[in-house]
Amino acid sequence: MGDSVRGRILWYELLTTDMKAAEAFYTKVVGWTVTPFEGSPQPYDMWTRDGGQPVGGVMNVPAGMHVPPHWAMYVGVPKLEEAVSQIERLGGQPRSPVVEVPTVGRMRVMVDPQGAAFSVYEPAAEPRQPEAPPEPGEVSWHELYTTNAEEAMQFYSAMFGWKPTNAFDMGPMGKYHMFGRQHELGGMMTKPKEMEQVPPNWGLYFRVSDINAGAERVKANGGQILNGPMEVPGGDTIVNCMDPQGAAFSLHAK
């Protein structure tokens, strides 16, 4: 397992304060179904899109872990220990012990040099799904708000082989740096002044067929619209939202 795994974003996870309420919300908003993960020591369910493909999981925030509800992403690595020491050499650090899930793999929460959290994940087997552009119901964009987008891009390129694909100037907001692997994965930007209080973080966008209908579903099911719906360069539309438990997420339509 080498380049097929290194830098491929393999899993997403919602940590929340009320699993069942969060499941009711996202099944209506994104259209997922929920499948229990058998054999988990604590309640853990999988988000499954049309066609039965799991895209991520949901669990309650573990006792003693003092974090607000949030979405997390897992980036593939061929060897966990090697990845952890490379991240440390590049200025990042661990935020959790190693977690081992039988038949699934080994993982560890890390932060990048600017402080944004992500997990590295050494899967037990090669990913079954080929790498392909995102379908509705999948994560279609990964967005980093950070204190220095140029340095962050250097870190992730060195660590995972992500390649800068495009950058556009957002005027006073600075440059938006896009990156990808076999197809475009997301963008990175330096936080504007009004976001100084917000720690660096990765945000996830879920692909839906219609952005206005998606925004209406968010509001109808107890979520909040933070920004949008709006068109972004290239003609796609997005809306930034918060779920009823307080986890931020966004929707994206082609």
Side-chain angles (χ1 to χ4, degrees), residues 9-26 29 34 36-37 39-47 55-75 77 80-81 83-85 87-88 90-101 104-122 139 142-148 152 155-156 159 188-206 218 221-224 226-227 240-250:
I9 306 172
L10 294 170
W11 194 246
Y12 307 94
E13 195 165 78
L14 175 65
L15 284 94
T16 186
T17 49
D18 187 335
M19 239 174 106
K20 292 301 161 201
E23 289 174 354
F25 175 79
Y26 285 100
V29 169
V34 170
F37 181 71
S40 174
Q42 70 271 1
Y44 193 97
D45 290 337
M46 294 185 293
W47 305 112
V55 291
V58 54
M59 63 185 284
N60 287 318
V61 175
M65 190 174 165
H66 302 293
V67 294
H70 68 283
W71 279 92
M73 69 179 192
Y74 287 74
V75 188
V77 293
L80 189 72
E81 281 73 15
V84 169
S85 51
I87 289 168
E88 290 178 320
L90 293 168
Q93 51 189 292
R95 275 287 184 270
S96 80
V98 174
V99 175
E100 191 148 353
V101 183
V104 172
R106 302 163 68 239
M107 51 213 78
R108 193 169 190 182
V109 182
M110 306 295 292
V111 291
D112 69 20
Q114 285 80 34
F118 63 96
S119 290
V120 280
Y121 168 32
E122 179 192 326
V139 176
H142 311 79
E143 192 164 72
L144 177 66
Y145 279 94
T146 182
T147 51
N148 188 317
F155 166 81
Y156 287 102
M159 187 60 221
M188 304 180 187
M189 64 177 288
T190 301
K191 295 184 297 164
K193 286 259 186 299
E194 54 271 25
M195 285 181 72
E196 267 173 353
Q197 304 313 311
V198 180
N201 69 89
W202 279 100
L204 303 180
Y205 286 70
F206 307 122
V218 170
N221 290 287
Q224 289 177 52
L226 304 177
N227 189 20
N240 307 123
C241 316
M242 187 177 278
D243 73 20
Q245 288 71 46
F249 71 99
S250 299

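Quantities reported herein were computed from a predicted structural model and do not represent experimental measurements.
- Here CD of Glu81 is found 4.0 Å from CZ of Arg106. Values are rounded to the nearest 0.5 Å.
- Closest heavy-atom contact between Thr17 and Pro69: CG2-CG, 3.9 Å.
- Interatomic distance, CD1 of Ile9 versus CH2 of Trp202, reported as 6.5 Å (0.5 Å rounding).
- When all heavy atoms of Pro244 and Gly223 are compared, the closest pair comes out as CG-N, 4.1 Å.
- Aromatic ring orientation, Tyr26 versus Phe206: perpendicular (interplanar angle above 60°, classes split at 30° and 60°).
- Atoms CE and NE2, on Met73 and His142 in that order, are 6.5 Å from each other to the nearest 0.5 Å.
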- Query: Between Val75 and Tyr156, does a side chain to side chain contact (heavy atoms under 4.5 Å, CB included) hold up when you go through it step by step?
  - Reply: CA-CA 11 Å; Val75 188; Tyr156 287 102; over 6 Å; no

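- The two residues Met59 and Pro43 come nearest to each other via the heavy atoms CB-O, 3.9 Å.
- At distances below 3.5 Å, at least one donor-acceptor pair connects side-chain atoms of Asn60 with backbone N or O atoms of Met19.
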- Message: side chain to side chain contact (heavy atoms under 4.5 Å, CB included), that's the test. Do Asp243 and Val29 meet it? Break it down for me.
- Response: CA-CA 10 Å; Asp243 73 20; Val29 169; over 6 Å; no

- Should Val98 and Val84 be marked as a side chain to side chain contact (heavy atoms under 4.5 Å, CB included) after you check the CA-CA gap, both sets of side-chain angles, and the distance that decides it? CA-CA 10 Å; Val98 174; Val84 169; 6.0 Å; no

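- With a 4.5 Å cut-off on side-chain heavy atoms, Thr146 and Phe155 do not count as touching.
- Smallest separation of non-hydrogen atoms from Ala21 and Gln245: CB-NE2, 3.4 Å.
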- Determine, stepwise, if the pair Asn201 / Tyr145 fulfils side chain to side chain contact (heavy atoms under 4.5 Å, CB included). CA-CA 6 Å; Asn201 69 89; Tyr145 279 94; 4.2 Å; yes

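- With rounding to the nearest 0.5 angstrom, the NE2 atom of His70 is 10.0 Å from the CG atom of Leu204.
- At a threshold of 4.5 Å between non-hydrogen side-chain atoms, the residues Leu15 and Pro62 count as touching.
- Two residues are said to be in side-chain contact when any heavy atoms from C-beta on lie closer than 4.5 Å; Ser119 and Arg95 fail this criterion.
- The backbone N or O of Gly57 sits less than 3.5 Å from a side-chain atom of Trp47, completing a donor-acceptor pair.
- Closest approach of Val111 to Ile87, counting heavy atoms only: O-CG2, 4.2 Å.
- Between atom NZ of residue Lys191 and atom OG1 of residue Thr147 there is a gap of 6.5 Å, rounded to the nearest 0.5 Å.
- Taken to the nearest 0.5 Å, the OG1 atom of Thr190 stands 8.5 Å off from the CD atom of Gln114.
- No side-chain heavy atom of Val55 sits under 4.5 Å from any side-chain heavy atom of Val139.
- Closest approach of Met46 and Pro36 over heavy atoms only: CE-O, 4.3 Å.
- Screening Val77, Val101, Val104 for a side chain to side chain contact (heavy atoms under 4.5 Å, CB included) with Tyr121, the sole residue that qualifies is Val104.
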